[in-house]
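One structure is given here, and the rest of the page talks about it.
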Amino acid sequence: MEKNKKILVTSALPYANGPLHIGHIAGAYLPADIYVRYNRLKGNDVVYICGSDEHGVAITIRAEQDGVKPTDIIDRFHELNKKSFVRFGISFDNYSRTSRPVHHETAKEFFKDIYDKNILKKKKEKQFYDENASMFLPDRYVEGTCPVCKNQGARGDQCEKCGSDLDQTELINPISKLTGETPVLKETSHWYFPLGDFQGKLKDYLDRHPEWKENVRNYCYGWLKQGLRDRAVTRDLSWGIPVPLDGADGKVIYVWFEAVLGYISATKEWAKQVGQPDRWKDYWQNPECKLVNFIGKDNIVFHAVMFPAILMAKGDYILPENVPANEFLNLEGQKISTSRNFAIWLDDYLDRFPPDPLRYMLAANAPENKDSDFSWKDFQTRNNSELVGILGNFVNRSMTFLAKNFDNTVPPATDLDEMDRELLKRIATAPQSVSDALEKFEVRRALKAFMDVARDANKYFNDKEPWHMVKTDKVKCGVTMNMCIQISRTLAILMVPFMPYSAEKLWKLLNLNGDAAGQNWATAGEPKVAAGHKLNPPEILFTKIEDGVIEAEMARLNDSQKKPESDGKKEKTGKSNLISFDEFKNVDLRIAKVLSAEKVEKADKLLRLEVEVGEEKRQIIAGLAQKFSAEDLVGKRVVIVANLKPAKIRGLESQGMLLAAEDANGEMSLVTVENEIATGAKVK
RNA sequence: GGCGGUGUAGCUCAGUUGGCUAGAGCAGCGGAAUCAUAAUCCGCGAGUCCGGGGUUCGAGUCCCUGCACCGCUACCA
């Protein structure tokens with residue numbers, strides 16, 4: 001038996017700008033929780049860490065849209081998500097948040113330390129500073145006269161008229177788009193993390209972990225092959241962790257660098273909570289400790305390349321031992337979409353169903369090797385035929401049999417026959433069969449191994465036919481029932497990682513001491529229930545889900561999908577957004593005929609169109625390629641915005657914009673006209 | 001467009017370093033049983049292993065290529 005191992009498990013920090021759905025859960029949380037609960041049963045010293053990721057632009061944008069402060073957004077979703085996790089039985093030891101002081105300090109310490117080691121590269125550049133807004137202006141927020149063609153509306157990154165790539169400092173008569181004031185040129189610095197310098201070490205690190213999932217490894221090798229580039233670790237933003245250096249006012253640490261450190265700060269916070277403030281070091285700075293980061297596939301590069309690089313730069317920290325990344329979960333054959341509200345939200349689910357059936361479903365169908373699919377029909381089937389039919393039924397038939405014929409008391413197991421001995425062997429090997437899979441993070445296989453125990457139990461019950469024996473040989477029948485209770489106890493313990501609530505319920509029904517989660521995995525396969533032990537009256541473990549309930553859920557899913565982002569839209573059409581006729585008049589809409597269309601090379605979505613507008617011919621670059629082919633467009637009369645400032649896209653000048661409608665599902669339709677009206681005609 | 005992944009029975013998915021007649025669960029069909037939430041147990045699969053080439057004594061498993069889908073990334077006036 002291995003000795004107590006120290007294991008630090010993390011799940012990706014959910015971004016606190018929205019609620020959690022089942023896709024999140026299936027990827028990074030449930031598999032981790034199963035792994036954690038299993039290791040606790042094994043007696044390992046596990047700490048399970050997570051928290052809300054609360055910085056970054058997306059939060060400020062959402063706050064601006066909703067007309068609230070960033071803290072309002074993060075407070076709301078932090079609390080909501082934290083509560084959902086608890087209800088679902090995700091057993092974090094600490095669920096922190098990156099807005100906490102401990103995290104700010106940790107992130108600053110890392111930044112400062114890496115800076116002090118002269119690892120960060122400072123790149124000086126002159127940038128415009130708006131003194132009224134008290135901030136440096138990103139290129140796009142500066143306008144002025146183009147030094148090449150003298151066009152007055154040139155932007156800081158390029159001139160739309162002549163297509164020249166510009167540096168903002170080249171502009172003549174620059175103006176801040178924020179305030180309309182003339183910005184001053186100030187020297188500013190950005191710090192870059194030289195990922196490339198860690199290329200060799202990262203390669204060695206990857207080479208040392210051939211046991212990682214193939215998708216993770218290949219993905220990382222792909223990045224390495226391309227060569228790692230310097231990556232900025234500072235940004236000019238007001239929301240985030242201030243850069244802890246002099247002269248870095250108005251700069252924050254870039255989220256990619258800081259968020260992953262949330263695992264460390266959350267561990268520190270936990271250590272304080274348990275009254276041993278230094279204990280986090282036993283994990284993060286202990287080479288004997290095994291760090292496992294559970295994530296979704298979208299997060300691979302941050303956890304398997306960048307996070308290790310940061311830890312290497314800092315030194316004295318352990319690196320992830322494994323990064324089990326799951327693929328994505330689809331819903332009813334389609335992608336889950338938060339913007340379309342096509343999802344099953346966790347808190348929503350928990351309002352109507354118990355956690356365990358979903359835990360079971362998501363574990364049985366976890367997207368381990370490829371994207372997998374969740375459907376309500378499947379959910380019903382899994383619940384009814386597997387949980388109710390196989391697992392629940394076995395326990396129930398055993399317990400009601402004992403209640404009726406043995407006064408709820410476990411009979412002695414004297415005089416075992418061959419079949420009984422086989423069953424005991426089966427019980428004895430059950431924990432190992434589940435562990436084998438869990439040690440390799442193969443949750444699906446583990447769950448199947450668990451269910452196979454229940455299947456075998458049913459078979460044993462059937463083959464023994466105790467309902468006949470009870471009339472002919474009650475002692476022998478008693479042996480059978482003793483076996484059934486032994487295996488029920490084993491099932492209760494093995495069930496803990498997957499379905500903790502039902503495991504405890506079963507444990508109580510069996511009237512055993514303590515709780516199921518407090519048992520030892522190593523002895524789960526031993527027949528420990530004594531003869532004469534009194535059981536509690538039988539109760540149903542899992543309830544059947546009727547067709548009507550599932551139909552209602554499917555209808556909900558469809559209904560909710562029809563009205564996307566309701567509040568956002570209401571505001572946009574509200575009074576404050578009304579424009580005057582004069583404003584509308586400024587937009588010059590014209591009829592144009594598409595003469596030719598072709599795909600822009602090396603761009604998936606772009607089409608280069610030539611259109612006729614009256615006498616004039618124009619080139620328009622439009623992001624339509626995914627919905628329309630050249631044939632769809634050539635010859636069509638469309639509406640264009642004729643007086644839009646030209647812009648360079650992919651090196652091609654776009655002289656106008658083609659109008660098309662796009663709905664919430666991403667379906668598009670061109671705006672066209674009924675008759676063969678002359679091109680160049682004004683639309684009003 | 002670049003990088004990575006996936007495409008196996010009606011459905012959801014396994015298939016380890018290439019090797020015996022390609023598997024599981026569910027659904028379906030037939031049977032047994034009736035202790036149990038009409039729950040269980042046994043038996044039944046003529047699948048172009050996405051298409052096309054190739055390597056090999058032998059390929060779902062390796063190589064090339066085409067198609068489809070997913071993720072990251074670039075670009076969507």
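Please read these numbers as outputs of a predicted model, since none were measured by experiment. Throughout, protein chains are lettered first and strands after them, A, B, ... in sequence-line order, and every chain is numbered starting at 1.
- Among the atoms of the strands shown, base atoms are found under 4.0 Å from some heavy atom of A/Phe461.
- Ring centers of A/Tyr360 and A/Phe542: at least 6.0 Å apart, outside the cut-off.
- Salt-bridge check for A/Asp452 with A/Lys459: failed, with every basic side-chain N at 4.0 Å or more from each acidic carboxylate O.
- Ion pairing of A/Lys440 with A/Asp436 is absent here, as no side-chain N (NZ or NE/NH1/NH2) approaches a carboxylate O to less than 4.0 Å.
- Side-chain proximity of A/Lys335 to the nucleotides B/C42, B/C70, B/U40 is greatest for B/C70.
- For the atom pair CE (A/Met361) and CG (A/Leu30), the distance works out to 12.0 Å, reported to the nearest 0.5 Å.
- With a cut-off of 3.5 Å on both Watson-Crick or G-U wobble distances, the partner of B/G19 is given as B/C57.
- For B/C63 and B/G5, the P atoms lie 10 Å apart once the distance is rounded to whole Å.
- Pairing partner, B/U34: none, since no Watson-Crick or wobble contact has both distances short of 3.5 Å.
- Remark: B/G71 base-pairs with B/C3; criterion is Watson-Crick or G-U wobble with both hydrogen-bond distances under 3.5 Å.
- Between A/Phe198 and A/Phe193, the ring planes are parallel. Angles under 30° get that label, and only those over 60° would be called perpendicular.
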Legend entry - Under 4.0 Å protein heavy-atom contact, by nucleotide of nucleotides 3-14 of chain B - B base, S sugar-phosphate only: SSSSSB---SSS

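- Judged purely by atom type and a 3.5 angstrom limit, A/Arg590 has no side-chain atom pairing as donor or acceptor with the backbone of A/Thr679.
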What nitrogen or oxygen pairs link the protein and nucleotides 27-34 of chain B at under 3.5 Å?
from: B/U34; atom 1: OP1; to: A/His468; atom 2: NE2; distance (Å): 2.9

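- Of the C1' atoms belonging to B/G18 and B/U55, the separation is 12 Å, rounded to the nearest Å.
- Between A/Lys544 and A/Asn330, the residue anchored closer to the 5' end of RNA chain B is A/Lys544, taking for each the nucleotide with the nearest heavy atom.
- In this structure, CD1 of A/Ile540 is placed 17 Å from P of B/C35, rounded to the nearest angstrom.
- When rounded to the nearest whole Å, the span between CD of A/Gln334 and C1' of B/C69 equals 14 Å.
- With both ends at atom C1', the span from B/G66 to B/U17 equals 29 Å, rounded to whole Å.
- Nucleotides B/U61 and B/C41 are separated by 36 Å at their C1' atoms, to the nearest Å.
- Rounded to an integer number of Å, the gap from A/Ile485 CD1 to B/C35 P is 18 Å.
- Side-chain atoms of A/Glu332 come within 3.5 Å of backbone atoms of A/Trp376 as a donor-acceptor pair (strictly under, hydrogens ignored).
- Distance, A/Asn299 CG to B/C70 P: 20 Å, rounded to whole Å.
- Using a 4.5 Å heavy-atom threshold, the side chains of A/Leu509 and A/Ser488 count as separate.
- Only the P atoms considered, B/U48 is 15 Å distant from B/G23, to the nearest whole Å.
- Using a 4.0 Å heavy-atom distance criterion, A/Phe394 is classed as making no nucleic acid contact.
- Heavy atoms of A/Gly296 sit nowhere under 4.0 angstrom from any nucleic acid atom.
- When the nearest nucleotides of RNA chain B are assigned to A/Asn396 and A/Glu386 by heavy-atom distance, the more 5′-ward of the two goes with A/Glu386.
- Residue contacts shown for A/Gln655 are absent, as no nucleic acid heavy atom lies under 4.0 Å away.
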Legend entry - From CA spacing to verdict: salt bridge (Lys or Arg N to Asp or Glu O under 4.0 Å), A/Glu546, A/Lys544: CA-CA 6 Å; A/Glu546 302 300 332; A/Lys544 241 183 132 169; 5.3 Å; no

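- A distance of about 22 Å separates the C1' atoms of B/A33 and B/C26, rounded to the whole Å.
- If you look at A/Trp212 and A/Tyr205, their ring centroids are closer than 6.0 Å.
- The nearest whole Å value for the distance from the CE atom in A/Met306 to the P atom in B/C72 is 14 Å.
- The pair A/Lys213-A/Glu368 does not count as a salt bridge, with every side-chain nitrogen at least 4.0 angstrom from each carboxylate oxygen.
- Across the C1' atoms, B/A38 and B/C49 are found 38 Å apart, a figure rounded to whole Å.
- Searching all strands for a Watson-Crick or G-U wobble partner of B/A14 with both distances below 3.5 Å returns nothing.
- Listed by residue number, A/Lys448, A/Arg455, A/Asn458 are the residues of residues 448-458 of chain A with a heavy-atom contact under 4.0 Å to RNA chain B.
- B/C72 atom P lies 20 Å from atom CG of A/Leu224, rounded to whole Å.
- Looking at A/Arg397 and A/Asn458, their side chains do bring a donor and an acceptor atom within 3.5 Å of each other.
- Here B/U40 presents its P atom at 12 Å from CG of A/Leu391, a figure rounded to the nearest Å.
- Residue contacts shown for A/Ile621 are limited to sugar-phosphate atoms, with no base heavy atom under 4.0 Å away.
- Separating the CD1 atom of A/Ile390 from the P atom of B/U37 is a distance of 16 Å, rounded to the nearest angstrom.
- One P atom belongs to B/G10, the other to B/C72, and the distance between them is 32 Å to the nearest Å.
- Within 4.0 Å (heavy atoms only), A/Leu606 reaches sugar-phosphate atoms of the nucleic acid but no base atom.
- We find that A/Lys297 and A/Glu327 are joined by a salt bridge, their nearest charged nitrogen and carboxylate oxygen being less than 4.0 Å apart.
- No side-chain donor from either of A/Asn369 and A/Arg444 sits under 3.5 Å from a side-chain acceptor of the other.
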